[in-house]
**Student:** 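Here it is: the structure, laid out below.
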Amino acid sequence: MTINFYEQVYAVVRRIPRGKVTSYGRIAAMLGRPQAARAVGYALNALRDKQDDPAYQNIPWQRVVNSQGRISIVSPDNSPNRQAQLLREEGVEVSEHLKIDLDVYLWEGLHLLEIDDIQSGSRLVD
DNA sequence: ACAGTGACAACAT
DNA sequence: TATGTTGCCACTG
């Protein structure tokens, strides 16, 4: 399969520790594409079609929220929000309005060396 | 090749 | 605060 931006996104998401969260935009910025927040969301959405592949089954996608600390996934009315549930299970407080306090739960992010690892192992096709 | 699509984000009301 | 608008970007058919 082709190594691409999505793979870089997954590599970053896998490094978000339990009990912490980050945002789509921050992930994009870590990968040197500060304008690609939307594409990060698209990448995580694509995981839904990859769930039959074990390689993609343990990616903690629930730890990614929007820049305001709110969950972006809309669940059917009167149905509990799956992402909120997963986060609470790992100790993250999620308000009834699906908001998370970034002052408390924001992940610090990657250091430059770690970014280098990811990008050398999964380079973008130019 | 190209228009359409979204789990974004910043800004303007 | 809450919507609405606009710019973005990687991927897809």
Side-chain angles (χ1 to χ4, degrees):
Chain A
M1 83 163 283
T2 311
I3 302 299
N4 54 20
F5 181 75
Y6 283 17
E7 297 302 321
Q8 293 191 18
V9 170
Y10 303 148
V12 172
V13 173
R14 276 190 256 257
R15 300 206 184 200
I16 308 174
R18 250 181 103 79
K20 290 291 181 180
V21 301
T22 188
S23 67
Y24 303 92
R26 285 183 174 86
I27 290 174
M30 287 177 211
L31 292 173
R33 317 192 69 115
Q35 312 302 97
R38 218 171 174 183
V40 171
Y42 202 115
L44 295 186
N45 179 58
L47 285 176
R48 288 169 163 161
D49 300 325
K50 303 177 189 289
Q51 285 310 292
D52 50 334
D53 184 339
Y56 298 99
Q57 286 172 3
N58 290 321
I59 299 177
W61 56 267
Q62 72 274 18
R63 297 172 192 159
V64 186
V65 297
N66 69 25
S67 61
Q68 307 309 306
R70 290 238 306 156
I71 288 175
S72 287
I73 298 179
V74 289
S75 52
D77 292 339
N78 66 43
S79 142
N81 187 283
R82 172 80 175 135
Q83 184 172 4
Q85 179 187 349
L86 289 172
L87 285 173
R88 287 173 182 137
E89 284 173 5
E90 55 184 62
V92 175
E93 289 180 72
V94 183
S95 80
E96 53 184 330
H97 301 306
L98 302 183
K99 173 134 181 198
I100 292 141
D101 187 347
L102 293 182
D103 288 338
V104 176
Y105 297 104
L106 179 65
W107 173 46
E108 299 293 349
L110 296 178
H111 293 288
L112 293 180
L113 276 180
E114 299 174 293
I115 294 290
D116 229 33
D117 280 352
I118 287 172
Q119 297 198 324
S120 62
S122 54
R123 184 164 309 284
L124 282 174
V125 271
D126 297 323

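All chains are named by letter (A, B, ...) in the order of the sequence lines, taking the proteins before the strands, and each is independently numbered beginning at 1.
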**Student:** Is there a side-chain polar atom (N or O) of A:Asn4 under 4.0 Å from OP1 or OP2 of C:dC11?
**Tutor:**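 Affirmative; the distance criterion is met.
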**Student:** Would one find a side-chain N or O of A:Ser23 under 4.0 angstrom from OP1 or OP2 of B:dA9?
**Tutor:**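 Yes, within the criterion.
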**Student:** Nearest to the side chain of A:Ala36, which nucleotide is it out of B:dC8, C:dC9, B:dA9?
**Tutor:**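 Of all the options, the side chain of A:Ala36 is nearest to C:dC9.
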**Student:** So if I take every side-chain heavy atom of A:Ser72 and compare against C:dC11, B:dA10, B:dA7, which nucleotide ends up nearest?
**Tutor:**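 So the side chain of A:Ser72 is nearest to B:dA7.
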**Student:** Over how many whole Å does the gap from A:Arg38 atom CZ to B:dA10 atom P extend?
**Tutor:**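 Result: 14 Å.
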**Student:** Which atom names give the shortest non-hydrogen contact between A:Ser67 and A:Leu102, and what distance separates them?
**Tutor:**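 It is O-CD1, 3.7 Å.
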**Student:** I need the OH-C1' distance between A:Tyr42 and C:dC9, as an integer number of Å.
**Tutor:**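 From A:Tyr42 OH to C:dC9 C1': 11 Å.
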**Student:** Below 4.0 angstrom from OP1 or OP2 of B:dC8, is there any side-chain N or O of A:Ser67?
**Tutor:**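 False: A:Ser67 side-chain N/O out of range (4.0 Å or more) of B:dC8 OP1/OP2.
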**Student:** Give a yes or no on whether A:Asp53 atom CG has more than 12 heavy-atom contacts from other residues, nucleotides or ligands under 6.0 Å away.
**Tutor:**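 Enclosed.
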**Student:** Would a distance-only check, ignoring hydrogens and angles, find a side-chain to backbone donor-acceptor pair under 3.5 Å from A:Gln119 to A:Leu31?
**Tutor:**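 Yes: the side chain of A:Gln119 pairs with the backbone of A:Leu31.
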**Student:** Pick the nucleotide of DNA chain B nearest each of A:Gln68 and A:Val64; which residue has the one closer to the 5' end?
**Tutor:**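 It is A:Val64, whose closest nucleotide lies nearer the 5' terminus.
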**Student:** Which whole-number value in Å describes the distance from A:Ile59 CD1 to B:dA7 C1'?
**Tutor:**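 These atoms are roughly 14 Å apart.
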**Student:** Using atom CZ of A:Phe5 as one end and atom P of B:dC8 as the other, report the distance to the nearest whole Å.
**Tutor:**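 Interatomic distance, CZ of A:Phe5 to P of B:dC8: 13 Å.
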**Student:** Contact class for A:Arg48 vs. all strands (heavy atom < 4.0 Å): base, sugar-phosphate, or nothing?
**Tutor:**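 Base, at least one base heavy atom under 4.0 Å.
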**Student:** Touch check for A:Asn66, heavy atoms < 4.0 angstrom, all strands: base, sugar-phosphate only, or nothing?
**Tutor:**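 Sugar-phosphate, no base atom in range.
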**Student:** Quickly work out the A:Asn45 CG to C:dT12 C1' distance and round it to whole Å.
**Tutor:**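 After rounding, the gap between these two atoms is 12 Å.
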**Student:** Rounded to the nearest Å, what distance is computed from the CG atom of residue A:Asp49 to the P atom of nucleotide B:dG6?
**Tutor:**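 Rounded to whole Å, this separation is 12 Å.
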**Student:** Can you check whether any acceptor in the base of B:dA7 is under 3.5 Å from a donor in the side chain of A:Tyr24, or vice versa?
**Tutor:**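 Indeed there is one.
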**Student:** Distance check needed: B:dA10 P versus A:Arg70 CZ, whole Å only.
**Tutor:**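 Value for this atom pair: 16 Å.
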**Student:** Considering only side-chain heavy atoms of A:Leu44, which listed nucleotide, C:dA10, B:dA7, B:dA9, is closest?
**Tutor:**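 Among C:dA10, B:dA7, B:dA9, the one nearest the side chain of A:Leu44 is B:dA7.
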**Student:** Are the side chains of A:Val13 and A:Arg63 in touch, meaning some heavy atoms are under 4.5 Å apart?
**Tutor:**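 When only atoms from C-beta onward are counted, A:Arg63 and A:Val13 do not touch, as no gap falls below 4.5 Å.
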**Student:** Send over the distance from A:Glu7 CD to C:dA10 P, rounded to a whole Å.
**Tutor:**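 Taking atom P of C:dA10 as the reference, CD of A:Glu7 is at 15 Å.
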**Student:** Does A:Gln57 CD have over 12 foreign heavy atoms under 6.0 Å away?
**Tutor:**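 Counting other residues, nucleotides and ligands, CD of A:Gln57 exceeds 12 neighbours.
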